[in-house]
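Only one structure is covered here, and it is reproduced in the block below.
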2 protein chains.
Amino acid sequence: MNKYQIIHDDLVKDILAGKYHEKMLPSDYALMNRYHVARETARKAIAMLVDEGYAMRIKGKGTFVIQHNRYSFPISHVESYRELANRLHLKEHTQLVAIQDAEVPATFDSKAETVVLATEITRVRYLDDEPIIIDRDYVLKAVIPEILALPKSLSLFELFEQQLGLTISHATKTITIEALSIQDKQLMKLPEAGVVVVVRSETFLSDGRTLSYTESRHRADKFKSVEFARRH
Amino acid sequence: MNKYQIIHDDLVKDILAGKYHEKMLPSDYALMNRYHVARETARKAIAMLVDEGYAMRIKGKGTFVIQHNRYSFPISHVESYRELANRLHLKEHTQLVAIQDAEVPATFDSKAETVVLATEITRVRYLDDEPIIIDRDYVLKAVIPEILALPKSLSLFELFEQQLGLTISHATKTITIEALSIQDKQLMKLPEAGVVVVVRSETFLSDGRTLSYTESRHRADKFKSVEFARRH
DNA sequence: CTTATCAACTTGTCTATACATTTCTTTAAA
DNA sequence: TTTAAAGAAATGTATAGACAAGTTGATAAG
């Protein structure tokens with residue numbers, strides 16, 4: 001592993017363990033001595049912390065930990081449902097509703113003139129035995145011609161990355177509020193009319209190709225998104 | 001201005017102008033020659049682009065522009081309503097509903113044992129003459145003892161930064177869906193029952209103090225959030 | 001014609017150094 | 001006692017160079 005990555009990971013571990021609660025993080029020079037690295041290497045590690053929202057640097061003063069309430073539902077990085085449930089220690093299970101070939105609906109900002117072929121996977125996500133989320137993935141056949149089996153212990157992302165050697169780079173997400181569809185009511189066992197929170201995303205590979213489109217329909221009363229934002 | 005900042009701004013301008021549409025951005029060495037700077041300086045400029053989601057670097061290949069649809073409602077950085085409306089060229093105006101002293105409600109994750117005194121500012125935001133957002137700011141009296149006048153041409157953020165010399169560092173945001181309150185119906189002229197999208201945020205200064213809490217209540221049918229997320 | 005190798009170009013990591021700027025404390029002068 | 005200057009410590013910016021590693025295309029060998 002890289003030197004700055006090691007330093008970064010050490011610091012994150014200590015931050016999460018509360019070692020720097022309300023205190024200053026080691027200065028550039030302190031890290032230089034502790035790890036016997038050049039200053040730029042130490043700075044790179046700290047720059048990552050700042051980037052992730054763990055820390056804040058103030059010129060002339062030092063580097064300080066930013067206290068987070070990281071218990072809620074963060075959506076500001078690419079993370080799958082399963083990874084998320086795992087991290088928050090929620091009891092989760094998934095019900096496969098359907099898996100079939102389909103075209104990507106025009107709902108996904110498609111400037112595409114031609115139809116895009118994909119494998120459509122519809123799943124219902126349960127948290128604490130309540131149906132909370134309907135996930136519908138469109139995995140492009142241009143990238144993954146066929147999905148042989150849905151893994152029990154891996155998320156789709158992890159499957160693609162670990163088994164198929166693909167590298168996921170980034171995603172764009174939009175959040176809107178829409179009226180409940182008939183299928184929403186059925187799958188989430190909601191009797192009355194109402195709304196769902198729809199998170200639509202497009203996931204990209206490192207080579208720029210689109211890997212998949214996903215539509216996540218969340219029960220509105222269970223939805224909470226948390227994010228961290230920096231000024232400028 | 002810094003060298004890497006200049007290079008960065010030049011590149012952003014060119015990207016937005018479409019000069020690198022589907023093409024490779026200048027390599028490290030190309031920027032070195034063009035601007036007569038060291039490689040690390042050029043890399044810093046590009047690192048900023050990557051950080052902002054403008055570009056993607058692939059080892060051995062080059063740096064590539066990420067195509068964005070940046071027309072929607074981005075919430076992934078600290079930006080005020082007015083700055084936003086301006087950027088998207090929307091016709092906007094604001095109606096001041098009330099400004100008074102108040103305590104910060106417990107809704108804002110307050111682990112605070114004592115009451116926190118603040119100036120409460122309630123405003124209704126109109127886009128294209130429709131009331132879309134109710135903003136309620138709680139500006140802490142510990143930081144700003146008194147708000148003398150609400151500026152017509154500046155946002156609250158800009159006022160604090162430019163007039164009072166404060167530096168805003170970051171914010172945390174949560175998005176939830178809640179039932180319409182009576183005041184929601186009145187101020188947004190909504191006759192029926194329904195839901196609003198509530199964005200609650202806490203804004204921090206560079207010295208770590210909390211500057212303000214804000215509750216933004218958005219008309220659900222007009223709400224759209226767009227964000228960019230990177231994997232790992 | 002096919003294959004293997006090499007060279008050129010790219011990004012990634014790391015070092016060592018220099019000077020600027022901000023903050024805070026200590027010391028010395030008035 | 002108050003004020004001013006000096007110094008130490010921290011982050012910010014910038015340079016020059018080195019080597020590693022991935023990608024691509026040209027070239028040479030078979």
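A note on names: the letters A, B, ... follow the listed sequences, proteins ahead of strands, and every chain is numbered from 1.
- For the pair A/His36 and B/Ala30, nearest-nucleotide mapping onto DNA chain C gives the more 5' position to B/Ala30.
- Side-chain contact between B/Ile58 and B/Phe64: present, with at least one pair of heavy atoms (C-beta onward) separated by less than 4.5 Å.
- Taking 4.0 angstrom as the limit, A/Lys3 places a side-chain polar atom (N or O) nearer than this to OP1 or OP2 of C/dT15.
- Using a cutoff of 4.0 Å between basic side-chain nitrogens and carboxylate oxygens, B/Arg123 and B/Asp137 are scored as salt-bridged.
- Here B/Asp28 does not pair with B/Lys44 in a salt bridge; the nearest charged N to carboxylate O distance is not below 4.0 Å.
- Between the C1' atom of C/dT13 and the CE atom of A/Met48 lies a distance of 13 Å, rounded to the nearest Å.
- With DNA chain D read from its 5' end, the first of the two nearest nucleotides for A/Tyr29 and B/Thr41 is the one closest to A/Tyr29.
- Distances shown here put a side-chain N or O of B/Arg57 below 4.0 Å from the OP1 or OP2 atom of C/dG12.
- Contact annotation: A/Tyr4 reaches the phosphate of C/dT13 (side-chain N/O to OP1 or OP2, under 4.0 Å).
- Where the helix from C/dC1-D/dG30 to C/dA30-D/dT1 starts and where it ends, the local axes point in directions that differ by 10°; five pairs per end, rounded to 10°.
- Summarising the geometry, the separation between CD on B/Glu40 and P on D/dA18 is reported as 15 Å, rounded to the nearest angstrom.
- Rounded to whole angstrom, the span from the CG atom of A/Asp28 across to the P atom of C/dT17 amounts to 16 Å.
- Counting heavy atoms from C-beta outward, A/Asp101 and A/Lys141 have side chains that approach closer than 4.5 Å.
- At D/dT11, none of the side-chain N or O atoms of A/Arg43 fall inside 4.0 Å of OP1 or OP2 (strictly under the cut-off).
- Residues A/Glu215 and A/Val198 meet the side-chain proximity criterion, which asks for heavy atoms closer than 4.5 Å.
- Distances were taken from every side-chain heavy atom of B/Ser27 (C-beta onward) to each of D/dT15, C/dT10, C/dA16; the shortest belongs to C/dT10.
- A/Thr63 has a side-chain polar atom (N or O) that falls below the 4.0 Å cut-off from OP1 or OP2 of D/dT11.
- Across the protein-nucleic acid pair, B/Met24 atom CE and D/dT24 atom P stand 11 Å apart, rounded to whole Å.
- Atom NZ of A/Lys19 is surrounded by 12 or fewer heavy atoms from other residues, nucleotides or ligands within 6.0 Å.
- When the P atom of D/dA20 is taken as reference, atom CD of A/Gln5 falls 21 Å away, rounded to whole Å.
- When side chains are defined from C-beta on, A/Pro26 counts as touching A/Leu11, because their heavy atoms get closer than 4.5 Å.
- Atom CD1 of A/Ile46 and atom P of D/dT11 are 6 Å apart (whole Å).
- Between the CG atom of A/Asn2 and the P atom of C/dT15 there is a distance of 11 Å, given to the nearest Å.
- Between A/Lys44 atom NZ and D/dG12 atom P there is a gap of 16 Å when expressed in whole angstrom units.
- OP1 or OP2 of D/dT24 lies within a sub-4.0 Å distance of a side-chain N or O belonging to B/Lys61.
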